[in-house]
Visitor: 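Sending over a structure as structure tokens; questions will come in a sec.
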Amino acid sequence: MLTILLLIPIVTAAALFLGKGNRSWAKASALLQLGITLLVWFGYDQSKAGYQFVSQTDALFPGLDLRYSVGVDGLSLLMLLLTALVTVAAVWFSPNMPANNRAGLFDGSVLLISAGATGAFVAKDLFFFYAFHELALIPTFLLIGLWGSGERQAVAWKITIYLGVGSIILLTGLVDLFLAIPAASRSFDLQKLQEVAASHLIPAAAQVRPWLLLTVGFGILVSLFPFHSWAAPAYACAPTPVAMLHSGVLKKFGLYGMVRLAVPFLPQAFHQPVWGTWTAQDLLLAALLGNIIYVGLVTIAQRKLDYVIGYSSVMHMGYVFLGIASLNIIGLSGACLLMFSHGLSVAALFAITGAIREREGSLNFERLGGAAKSVPFLSVAFAMAAFASIGLPGFSNFASETMVFFGGFKDGATGFLKTSTVFALWGVLISAVYMLRSYKAVFLGEPTASSLKWTDLHGTARFALALLPVALLLGGFFPHYFLGFLKPTLEAALR
Amino acid sequence: METSLPWIILLSPLASAVLILLFAHRSKPLSVLLSLTAVFAAFGSTLLLFSSHSVVQTSATWIDLGPALHLTIGLKIDALTRVMLLVVTGIGALVHVYSTVYMAEDDGKARFFGSLSLFMFSMLGIVLADNLAMMFIFWELVGVSSFLLIGHWFTKPSAAKAANKAFLANRVGDFGFMSGILLVWAATGSVEFAGIQENLAKLTVNPSLLTLAGLCLFCGAVGKSAQVPLHVWLPDAMEGPTPVSALIHAATMVAAGVYMLARIFFILEPSPVALGVIAAVGAVTAVLAALMATQQDDIKRILAYSTLSQLGLMVAGIGVGAWGASMFHLFTHAFFKALLFLGSGAVIHALHHEQNIWKMGGLRRTMPKTFITFVIGTLALTGTPGLAGFFSKDAILLAAWHKSAFIFGAALFTSLLTAYYMTRLVVVAFFGEAWTPNAKHGHDCPPAMTVPLMILAVLSVISGYKFFAGSIFGEELFHSVHAAEHVSLVPILAVSVFSIGTAGAWFLYNGRSKDPVKIPLFRNKFYIDELYASLIAGTQDLLASFSSWFDHFILDGVIVRGISGLTWGVGYTLRLLQFSNLQGYAFLFGTGVVILFYMLIK
């Protein structure tokens, strides 16, 4: 089942690359992907922990427990749902282009990003987990380099270096982690590794180096401060579906990796001193406060909608890291639900940003205003996504952030963790400042002459966009339901 | 039945809001019908709840992480809840009816009623909450519905700005509120009112921690109830349609801070420091806002500052320990202040959106029904003996008398100013001659607007008496209203300041067409808005621009160049080989995989 899920976008992409089919093939593929994801979702047995829907080949190399192997647990399932939802919206919000080979290349590449992300989330094998993510990055670079706006070459080059270096550090970290496990217990199988992790075979002191490598490697991919400066320009320059898929889905890979690997294998590293009296947790907290407070302020200073959304997405990564850093079930649950929630809200915001770029050409706040008059649907959708992203109750971002905050105050929390949590609470105000300012700049006030001529979103695109806030509302009203999937997985990770 | 009633009350406005958003956003009559049905369903269910005086509790799970964290949407009906429910749904119903006419010509009528339903849902959630986390959820939701309603006429830049200002000022308070919730939870392990109370009795909690928690929670009230220094949003919120000002920014939402403080009084009680701060903030707000009110010309702004001032009085009442008296004043104030706002709305409606009192005049002849009800509201607010405000203010004054001379003095001075600025308003707008041609065309509004005025006028008289208030508060709660020992001097003082204020304003303003008193400091609201504007522009934006510059030139420059330097060899090779990005990336990827295999197999 999961292999089919993986093959749908790959096969469709291949057909599109070969010049067969058109945009509607991509749409069909995305819907099929969503359909199968929902089948897996409802077929998953919440009462059992561990991987389900497992299928695997024999070991690929003699003497090495490496194989193509896929399966889902509660966490990967949630990420799959995120991937499928954002993919549908991304395909629908792909810019119109003349029907030729290049259009096929565009749509196919978009589907490949989705396939790579799906692969990374269903991979039950460490090697494929890494490789699928790398695979997804290639079409990302391609799309930015060929179809980006502004200085697309420079931006594409910059993120290639950035993410390339990040990937290599990550790879080194993975190898280091692998080698830190006693030889007899080594395996590439994530399920077996989970059992290894539960028996705590790595001595505390030996956990620090792989922890640092993994955190920096994943951190670069997730734009953890101070490795964040690639993100906003890249999203501003990227074509709409790429910005949606990367910020919404692919970026979550790094966080997913932290929860999958750093938390279960290297929990003691968090409390080991790394630099003077600073523990690894302290360093992580300092970095994530950089995301929340410093990048938050940077966001306030932006005067273009795409940059505001881009920086805001960097900022909100700080909250996910805060949940991870608290290293308890409350914070971790919040972090994982927030990955899902943030992915949906930022994808919706980038979709609408793209729609505005198509209508206006400029995203400068000075040139926009009063658009709620002519495009009420976009206006309501933007308001919902914006309010979700600033943590308004009713949306799942709020439920997630609440858990992150409670996790930061759970007994056993260090003074610095609690202080960071209070700073993070202040960050909620910062995000309200820039989001409301953006909403006002684009949709409220005196309508500009050109905004009065905009046409509202119509047809099926409305449904594609509406999927995202509806999912956010479901998560906000019934977080309990989603936590049912996450809880067993995360409890196992914290064992 | 008993446990389903609270859910009906809570969820019927939500259902209305959702249905309007999805299906009725183009249909004015349908949206009105949905919204009215919901509010009357909530009002009717509230009345049914009064048939018994038992405590009802029911809950649904929201977040459940086993013993680590369990948050619920829990509804609890006790005497305090009943009072608030009646205020919210009762005045809510009247305002809904009134709005059907007031907003009749508005293009966004359906949106208005949808937002109004969303507000009712949020406000009722605060009232029904049995725990702090749920209260916070709805606390934020009233913030957003208030944002939507203040910004109802969103193409007006001033309305859009006021909406943002209100939301952000509230978020500053909510930052404290959430911190307080976390502190309380960390100290007692619970967020439920009952659980906290129980655990506080069992555990020994560090008193200074409890003081800090109490003050943090109080921050939430400072934001929502617009106390100094976060009061600046409420006057600007008058950009919203007048029925909204009556319901949200006078009678219910802004009073939520006081209600919350009454609910958590057991957390505040052990801390004299927290109570002292609360009393001082309330007293300062009461006096400052009353001073500002004396020099405003916009009818709604005068009422807005008056609301600030009265809320200050209620908060001060909490600070002197008289939470029952504060709730009583909240109760009576809701009626007469809603009446005054709806009355001003009738004037504004009749005079084609004129809000300047100096462009009115002589309205007592052309708008008799509005005039009489407005005067009743004014008399109730200023503390005329026999009307509602007199009794409830008296309860707070008495409590303050026993506790602190400073608070008592401030409250008394506030009463003097209240009588003064309200008389000024009535004299200028309703007496004298019509100062502009526009004012000559005043006329009473249709019954859907005047009948709510009359009902509220009756309530403004009777809601202070025991036969009425006592039956709503219930025996036990009403007893706590009059906990303070009676001192005859207090009402005598109250009546004398009332007479001085009223008479002073009457003699100063009767027959005048221009303001004879000019105090720029009061007129300009002590320049606090200007101070904030420059502070925000001066610090936050500067900081933001600096961070942005730093990010762009230093971090980006140094780090990216640093990394480029590190990978110079790679980059140089790539450029030599004329690799494109894709090939460069494939090269890095390939190298990585080779290294991996080498390390594994060696």
Side-chain angles (χ1 to χ4, degrees), chain A residues 64 134 137-138 141-142 145 156-158 160-162 164-165 167-168 171 175 178-179 226-227 229 294 297-298 300-302 328-330 333 370 372-373 387 392-394 398-399 402-403 405-406 409-411 421-422 425-426 428-429 432-433 436-437 440 443-447 479-480 483 487, chain B residues 21 61-66 68-69 71 133 136-138 140-141 144 151 154-157 160-161 163-164 167-168 171-172 175 178-179 182-183 185-186 540-541 543-545 547-548 551-552 555-556 559-560 563-564 566-567 571 580-582 584-586 588-589 591-592 595-596 599-601:
Chain A
L64 206 56
E134 300 294 291
L137 285 181
I138 296 172
F141 300 142
L142 190 76
W157 181 240
K158 183 172 168 182
T160 307
I161 291 186
Y162 239 113
V165 169
S167 297
I168 289 200
L171 187 62
V175 172
F178 191 79
L179 295 179
F227 315 113
S229 62
Y294 173 82
L297 289 172
V298 173
I300 291 184
Q302 302 308 312
N328 56 49
I329 185 74
I330 309 176
S333 304
K373 199 100 197 152
F387 275 124
L392 187 81
F398 171 77
T402 304
M403 283 185 272
F405 297 143
F406 275 91
F409 264 76
K410 193 174 167 4
D411 31 305
T421 307
V422 174
L425 268 173
W426 185 254
V428 173
L429 177 69
V433 171
L436 288 188
R437 198 184 265 186
K440 184 172 93 144
F443 292 101
L444 307 183
E446 204 81 56
H480 180 51
L483 290 174
K487 208 173 134 212
Chain B
L21 175 70
T61 296
W62 185 56
I63 286 176
D64 182 10
L65 292 169
L69 182 68
L71 302 179
F136 183 84
I137 291 177
F138 288 94
E140 287 256 301
L141 286 178
V144 80
F154 62 84
T155 51
K156 225 171 118 193
K161 206 172 155 196
N164 277 7
F167 192 83
L168 292 177
R171 272 244 156 153
V172 174
F175 160 70
M178 191 59 173
S179 308
L182 291 173
L183 284 170
W185 177 71
Q540 179 166 275
D541 283 2
L543 208 61
S545 324
S547 311
S548 177
D551 207 54
H552 196 71
L555 269 188
D556 215 18
I559 291 192
V560 172
I563 290 178
S564 310
L566 277 176
T567 55
S580 74
N581 293 316
L582 192 56
Y585 189 72
L588 286 175
F589 179 55
T591 318
I595 296 173
L596 175 74
M599 292 179 82
L600 291 174
I601 295 170

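Sequence lines set the chain letters: A, B, ... in the order given, protein chains first and strands last, and positions in each chain run from 1.
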Visitor: Report the distance from atom CH2 of W426(A) to atom CE of M178(B), rounding to the nearest 0.5 Å.
Guide: 15.5 Å
Visitor: I'd like to know which of G370(A), A432(A), G394(A), P447(A) tops the heavy-atom pair count under 4.5 Å against chain B.
Guide: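 Winner by heavy-atom pair count: A432(A).
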Visitor: Do F406(A) and L69(B) have side chains that approach each other closer than 4.5 Å (heavy atoms only, starting at C-beta)?
Guide: yes
Visitor: How close do L436(A) and N164(B) get, counting heavy atoms only, and between which atoms?
Guide: O-ND2, 3.3 Å
Visitor: Is it the backbone or the side chain of L483(A) that comes under 4.5 Å from a heavy atom of chain B, or both, or neither?
Guide: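 The answer is the side chain of L483(A).
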Visitor: Heavy-atom distance under 4.5 Å to chain B: side chain of F387(A), backbone, both or neither?
Guide: side chain
Visitor: What part of V144(B) gets within 4.5 angstrom of chain A, counting heavy atoms only: side chain, backbone, both, or neither?
Guide: side chain
Visitor: What residue in I300(A), I329(A), I330(A), N328(A) has the most heavy-atom pairs under 4.5 Å with chain B?
Guide: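 Counting heavy-atom pairs under 4.5 Å, the top option is I330(A).
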Visitor: When only pairs under 4.5 Å are counted, which of L141(B), I137(B), L182(B) shares the most heavy-atom pairs with chain A?
Guide: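 Heavy-atom pair counts peak at L182(B).
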Visitor: Please rank D411(A), L444(A), T402(A) by heavy-atom pairs under 4.5 Å with chain B and give me the top one.
Guide: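 So the answer, after comparing D411(A), L444(A), T402(A), is L444(A).
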Visitor: I need the residue from R437(A), K440(A), M403(A) with the largest number of non-hydrogen atom pairs under 4.5 Å to chain B.
Guide: K440(A)
Visitor: Which one of G445(A), S333(A), A399(A) has the most heavy-atom pairs closer than 4.5 Å to chain B?
Guide: G445(A)
Visitor: Any idea which heavy atoms bring K487(A) and G66(B) closest together, and the distance?
Guide: NZ-N, 4.0 Å
Visitor: Ring centres under 6.0 Å, that's the criterion: do F409(A) and W185(B) meet it?
Guide: no
Visitor: So which heavy atom on P479(A) is nearest to which on W62(B), and how close?
Guide: CG-O, 3.2 Å
Visitor: Drop me the distance from I63(B)'s CD1 to H480(A)'s NE2, to the nearest 0.5 angstrom.
Guide: 10.5 Å
Visitor: Is chain B contacted by the side chain of K373(A), its backbone, both, or neither, given a heavy-atom distance below 4.5 Å?
Guide: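 Contact with chain B: backbone and side chain both.
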